[in-house]
Structures are given as C-alpha cells and as structure tokens.
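Below is one structure; the comments refer to it alone.
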Amino acid sequence: MRREIPLLITGIVGIVFVLQYFIPHFPFNRMNAWFSDWFSIVAAFAIWLGALNLMKISFQKVFRRKSDWGYAVVIIMSFLLMAVVGFAEGKGFRDQGTAFDWLFQFVYTPLSATMFAILAFFVASASYRAFRARNFEATLLLLAAFLVMLGRVPTGDVLTGFMPEGMRLSAVASWIMNFPQTAGQRAIMIGIALGLVSTSLRIILGIERSHLGGGD
Amino acid sequence: MLARLPKNLPGGVSLILPFLFICFSFSPVLSQGIEAEVDTLDPAVPDSELVVAAPVTSLIASDYKYDNGEVIELSWVPSIDDQLVGGNVIGYSLYRSENDGEPTLIAELLPGVNNYTDEGLSRLSTYRYTILTLTVNHETPSTMTAPITPEREWINFDKKYLFLIALIIGGSVMFFIETARRGKKLFVRKIAGLEAVDDAVGRATEMGRPILFIPGILDMDDVQTLAGLTILGRISRIIADYDTKIFMPVSRSLVMTAGRETIKAAYQAAGRPEKYSDDMVSYVTDEQFGYVAAVDGIMVREKPATVFLLGAFFAESLILAETGNYIGAIQIAGTARPAQLPFFIAACDFTLIGEELFAASAYLSDEPKALGSLKGQDVGKALAMVIIVVGVLAITIGQAWHVDFMMSLVDTLTNIFSTK
C-alpha cells in the first residue's frame, strides 16, 4: 500500500491536470490554482523539515567535532541571527530600515553577488577549454563564437566598415544567432517537449516508479 | 464639478484638468446620468465653450468562447474625434449595468483603445454596457449594448488541434509500450552519458571517494527535478550494490524528503537497508547562490570522484560544473534548459541533452515497457520533421512564386500548431 497509494494519487492528479487544460468548466477551471495552493501549503510546512535538518546536522558536526566543524558554527550563528532578528522585528521585518533589512542588504546581498561574480572567471576558463580547436566541430564552434563575440561589439563593425551592410560582422553575428542557433535550439526544445510527454505518461501510468524506490 | 475656466490656461493647469476629470468621473453623481443625451461636466460652461466629441460606435458585447461563463468581450469603433490627428478625446469611461441596475464604472481607458475583456462575471446575471467619450469638459455616451448573459462551455474547442496532437503522440507512446510488453525487441540508440554511469560509480568505489548528486534548484513540481530523482533511483541501486558513499545536498525541503525515500528504497531493494543513512541527503538553503556556495564548499572539501548534475539549473550551472572540473571529478550532467546546456557541455564529461534527461531512467532500467515509451517519442519527432519540411517548402514556394494555395497551407499549419 505504501507504493500503491502514491501511484494512485499521481495517476488521478495527472489525468485531472490533462483534462483541466481542455475543459474550461467549473471545477476544472479552478483545479490548477487549487493544486498550486495545496503545493505551496505543503512546501511551506516542509521548509521546517529542511531547517530542522540543517540545524540537526550542523549541531552534530559541532558536538562530535567532525572535520570542518567551524563552518557548522557559522551556519548555526547565521541562522539564529537572521531568525531572531526577523522574529523580533515582527510583521514588518522586511520593511526598509529594519535590522533584518540591513542584514539582508549589507550581508546577504554582497555575499550572493560575490558568488554570482565568480561566474565571470568560470566562463573564461570553460570557454578556453571549449574553444580549443581539437577537431572540426570544436574549430567550427570557435569560429562561430569568434564571429558572434566580435559582431556584438562596435569593434566588429569598425573593422568591417568597408563591407556592404549585410556582410558586416554585426549582421553575420545576427544571422548566426537567428538561424543556425535558433534552429538548433528549437530542435532541442521539440525533443524536450516530447520527452516531457513520454515521461509524464510513464509517471501517470505508473510505469515509472523509481522515484518511489525502484521500478520493479 | 469643474468650474468655468478660461480657454488659455497655463500648461500645468491644463495637464491637471484631465486627471481631475477622471477622478471626478468616479463619483456616483456622474455615473447616474450616463444615458442623458448630452452630459456636461459643468452646467455653467456655455455651449459655445464645450469641447464635444462624437460617441464611440458599433459597441458590441459578446460572450467569451470556451470559459466558465465569467467573461464578456467588448469591442467598438473609437470616436471619430479620437481617430483624427490632434483629436480632442482624452479617454473613455466604460460602464456596466448588472440586471438592469445602476451602471457602474468598470474601467478608464486611454484614447485609441477599441476593446476590453470584462472578467469575473456571473453566468446568472445579465449585463449591459456603455462607453462615455471624454473631452476636457464634456462626456458623450454611446448607445447601450443589448443585454447579454455569459455562458459556460464544457470543452475548449480552441485547443482541438492540440488535443489531436496529444492524442497521436500519447497514443503512439501507449502503442509502443504495449508492443514492448508483448516481447518485441525495440532498438534504442546508445546514450554515451548513461553508458558511463556504471563506470562513474565504479571509479568512485575504486578511489574510495563519495558520489555527489545534485538535483537542480527547483522543487518537486518541476518535471526536471522528478526526472533527476527517477535517475537517482537507478543510480542508488548501483551505489548500494557497490557500497559506495553518496551525498545529495538539496535546495528544497520536499526534494530532501523525496530524495531520502528514493535512496532508502534503493538500498532496501539491494538488500542493504542498514547501510542507508538520512545524512546522505541534506537540506542546505532555498537561496540560489547560498546553495551554490555550500555545494562548492562540499566539492572542494570532500573531493567526490563523481558528480551528477541532473535537474533544473540556472546561473549556477557553470559555477558548479567548473568546480567539479577543478577537483577532477567525472561529471555527468543533464538539464532541459537549453540556455544552460552549453555550460554543461563545456565543463562536464557527459551531458544529457534535453530529452536524454527524460529518457535516462527508462534507458537505465532496460525495462521493455519503459523503452517502449521512448519509441513512442520517435513518432512525435517524425511528425515534427514532416511538418517542418512541409512548412518550409510551402512558405518558400508560396512567397517566391506567389502561390496562394501554399500560403493558405502555411496559415493552416500555423493555426494548427500555435497554442492559444
């Protein structure tokens, strides 16, 4: 029963969701919103599971002096600081000028931006590896990337200013992005859509059940 | 009411007037007289100074097709004075009367607008509409529409083609599942990324290092996360057999619960339930870059031999994949987000491109029924290919040689394959 009931619920909800897309009549027209609300409620309660799990693991690390337990101390302190300040501020804890807002603006946001900024360096290192002309495909990729990058900055048009407008680097870059790139991306999108249909059918019909623990 | 004003007003005052007028027009005093022949904002303004605009014409209220009886669509031809260059119309006020009751203002519209969708209605009431054409000191009502009652329908026939396509693709998936169930051998091409799963887990076992599984940053309501977890189920079986360590940091609490259940069941199925621990899956944070920082830290400290990145990824994809590359882990990634695929291809050893992510679980299971569903997808692909070729030829021939039949074929195909 532990597996059959989730399978039954999945099947019923899956079929209802397919039907509600084609039936505008009540109650089908409300089901999407209802299910979405139910999911939000379940997820809101589940966040406590996550937070408690995080605290449990962090405290265990500290008390058992596991490796790198110092990081766990930082997690516990940060969690408690934000939670205590947030609760102390009351309902308007997210308003401008509150201590919670200060922590968010001047601690969390810069830390988050720092992580995001690392991306710039990773793009450089990944591009270096990807654009090495090891074979024909990689050379083609390198060439296309070179043309697109140069075509996207004014330098490209300055260098090819003597050519007819349609053959300047900006036009070449636009052509690469609008035609070969879009065609390739659409092919992937069609594959994804069909894969979604197939996966959904497998889950609705109960053929796919490995997320419930094995498929047999 | 606006007082009588001289014709040559300072610029600021003349700008404020329309605003004041719109504010005043909400008052019940104004809304009562909308069917009067001529409504003047200030009776003290002599007729010679009134700026009178022609009313809107052809005001039509029609029931919105294929809804639950809650919507009426309105269309009209704007006032002729609105269509002239430098016309004196400053806007329109749309009034609705329910069950022949008092008309109430439902919308203030800008000049040039010629349609409106009135939502949230009751199918048990009748409605009539009128529009006032507004100038700086005058409002001209249109005729009232005939009474209309919104109706509800059971089937949305606007989506009939989509339903037909879904039926064809869904039917072919079911057909091939049934064919496979009867024992027919189906050919499925090799997917390099999935062929490498055994080797990747074996490598981690030999090196005595853990496996890191990252299911993306979206919740259980995203099918990519679900696809990631179905693959986790298959991989966990192999991991349980090899007795390798797995660690799965997640950014959603529900994914944590589902991930634990999946791994636990796999260990039970492998006959090693005692080896399972809840610590294998842990929640980190919902915040995107907080999660990235934590996972990167785990990668650098624990140095997993194998990293699986299977699910929905956004800007964090390259940060995670490059860190995995830096520590020398073998990486198998997969996502259905086309924008992130180039990053994974550049930084990972194997990438499951779009549909391969969804095919992975069926492929790894080697079950005939699951493989049959993959075969059904091919019918959809064949259909898409035929339609694309026909569409490209039709629009090329139609435009190059002005063949009407070809252009109407293009219109028909566009109509069939566009979703409303």
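Order of the sequence lines sets the chain letters (A, B, ...), proteins ahead of strands, with each chain counted from 1.
The closest side-chain heavy-atom distance from Asp279(B) to Gln60(A) is below 4.5 Å. Put simply, the side chain of Pro338(B) reaches to within 4.5 Å of the side chain of Met189(A), judged on heavy atoms. For the pair Phe289(B)/Thr114(A), no side-chain contact is recorded, criterion being any heavy-atom separation below 4.5 Å from C-beta on. Residues Met256(B) and Leu49(A) have side chains in contact (heavy-atom distance under 4.5 Å, counting atoms from C-beta outward).
Only the side chain of Tyr108(A) comes within less than 4.5 Å of a heavy atom of chain B; its backbone N, CA, C and O stay farther away. Contact of Leu19(A) with chain B is not made at all, since no heavy-atom distance falls under 4.5 Å. Contact of Met174(B) with chain A is made through the side chain alone, with heavy-atom distances under 4.5 Å. Contact of Arg260(B) with chain A is made through the side chain alone, with heavy-atom distances under 4.5 Å. For Phe28(A), the part lying under 4.5 angstrom from a heavy atom of chain B is the side chain only. Both the backbone and the side chain of Ile47(A) come within less than 4.5 Å of a heavy atom in chain B. When heavy atoms are compared at a cutoff of 4.5 Å, Val292(B) approaches chain A by way of both its backbone and its side chain. Using a 4.5 Å cut-off between heavy atoms, Ala51(A) contacts chain B through its backbone alone, with no side-chain atom that close. With a threshold of 4.5 angstrom between heavy atoms, Asp378(B) does not approach chain A through any atom at all. The contact between Glu70(B) and chain A is made entirely by side chain atoms (from C-beta outward), counting heavy-atom distances below 4.5 Å. Interface remark: Ile263(B) contributes no atoms to any contact with chain A (heavy atom separation under 4.5 Å). With a 4.5 Å cut-off on non-hydrogen atoms, Val123(A) touches chain B through its backbone and its side chain both. For Thr257(B), the part sitting under 4.5 Å from any heavy atom of chain A is the side chain, from C-beta outward, and nothing else. Ala384(B) touches chain A through its side chain: at least one heavy atom from C-beta onward sits under 4.5 Å away, while N, CA, C and O do not. Heavy-atom distances place the side chain of Tyr71(A), and not its backbone, under 4.5 Å from chain B. Only the side chain of Ile188(A) comes within less than 4.5 Å of a heavy atom of chain B; its backbone N, CA, C and O stay farther away. Only the side chain of Ile177(B) comes within contact range of chain A, with heavy atoms under 4.5 Å apart. Contacts between Val284(B) and chain A at a heavy-atom distance below 4.5 Å involve the backbone alone (N, CA, C, O). Using a 4.5 Å cut-off between heavy atoms, Ala270(B) makes no contact with chain A at all. Contacts between Ile353(B) and chain A at a heavy-atom distance below 4.5 Å involve the side chain alone, from C-beta outward. No part of Leu364(B) comes within reach of chain A, as not one of its non-hydrogen atoms sits under 4.5 angstrom from that chain.
Put simply, of Ala130(A), Ser58(A), Ser112(A), Ser67(A), the one with the most heavy-atom pairs under 4.5 Å next to chain B is Ser112(A). Of the listed residues Leu194(A), Val42(A), Asn29(A), Leu205(A), the one with more heavy-atom pairs under 4.5 angstrom with chain B than any other is Leu194(A). For the set Asn156(B), Leu254(B), Ile319(B), Val173(B), the entry with the most heavy-atom pairs within less than 4.5 Å of chain A is Ile319(B). Heavy-atom pairs under 4.5 Å with chain A were tallied for Gly69(B), Ala293(B), Ser365(B), Gly228(B); the largest tally goes to Ala293(B). In terms of heavy-atom pairs under 4.5 angstrom with chain A, the leader among Lys381(B), Gln268(B), Glu287(B) is Glu287(B). Among Ile75(A), Ile23(A), Val18(A), the residue with the largest count of heavy-atom pairs under 4.5 Å with chain B is Ile23(A). Per-residue counts of heavy-atom pairs under 4.5 Å with chain A were compared for Tyr66(B), Phe163(B), Tyr326(B); the largest is that of Phe163(B).
By the 6.0 Å contact criterion, NZ on Lys160(B) is enclosed, its count of non-hydrogen atoms from other residues, nucleotides or ligands being greater than 12. The 12-atom threshold is not exceeded at CZ of Arg94(A), counting heavy atoms of other residues, nucleotides or ligands nearer than 6.0 Å. Within 6.0 Å of CZ in Arg186(A) there are 12 or fewer heavy atoms belonging to other residues, nucleotides or ligands. Enclosure of atom CZ in Phe116(A) is not indicated, since only 12 or fewer non-hydrogen atoms of other residues, nucleotides or ligands lie within 6.0 angstrom.
Side chain of Asn53(A) to backbone of Tyr283(B): a donor-acceptor contact under 3.5 angstrom is found. Checking side-chain atoms of Asn68(B) against main-chain N and O of Phe26(A) turns up a donor-acceptor pair under 3.5 Å. Counting only distance, with no hydrogens or angles, the side chain of Lys159(B) and the backbone of Tyr21(A) share a donor-acceptor pair below 3.5 Å.
Taking 4.0 Å as the cut-off between side-chain N and carboxylate O, Glu302(B) and Lys66(A) do not count as a salt-bridged pair.
Between Trp154(B) and His25(A), the ring-plane angle classifies as parallel under the 30° and 60° cut-offs.
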Name each donor-acceptor pair under 3.5 Å that joins a side chain in residues 195-204 of chain A to protein atoms two or more places apart or in another chain, with its distance.
{"from": "Ser198(A)", "atom 1": "OG", "to": "Arg202(A)", "atom 2": "NH1", "distance (Å)": "3.3"}
{"from": "Ser198(A)", "atom 1": "OG", "to": "Ser373(B)", "atom 2": "O", "distance (Å)": "3.2"}
{"from": "Ser198(A)", "atom 1": "OG", "to": "Gln377(B)", "atom 2": "OE1", "distance (Å)": "3.3"}
{"from": "Thr199(A)", "atom 1": "OG1", "to": "Gly195(A)", "atom 2": "O", "distance (Å)": "2.8"}
{"from": "Ser200(A)", "atom 1": "OG", "to": "Leu196(A)", "atom 2": "O", "distance (Å)": "2.6"}
{"from": "Arg202(A)", "atom 1": "NH1", "to": "Ser373(B)", "atom 2": "OG", "distance (Å)": "2.8"}
{"from": "Arg202(A)", "atom 1": "NH2", "to": "Phe358(B)", "atom 2": "O", "distance (Å)": "2.7"}

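Rounding to the nearest 0.5 angstrom, the gap separating the CD1 atom in Ile57(A) from the CG atom in Asp278(B) is 8.5 Å. Between the OG atom of Ser253(B) and the CZ atom of Phe45(A) there is a distance of 13.0 Å, given to the nearest 0.5 Å.
Residue Ala336(B) comes nearest to Ile192(A) through the heavy atom pair O-CD1, 3.2 Å, listed as atom of the first residue, atom of the second, then distance.
Sorted by first and then second residue, the salt bridge (charged side-chain N to carboxylate O under 4.0 Å, His left out) pairs involving residues 312-325 of chain B (not counting sequence neighbours) are Arg129(A)-Glu322(B).
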(Q) Determine whether Asp296(B) and Met115(A) satisfy the following criterion, side chain to side chain contact (heavy atoms under 4.5 Å, CB included), listing intermediate values before the conclusion. (A) CA-CA 10 Å; Asp296(B) 273 5; Met115(A) 280 310 295; 4.1 Å; yes
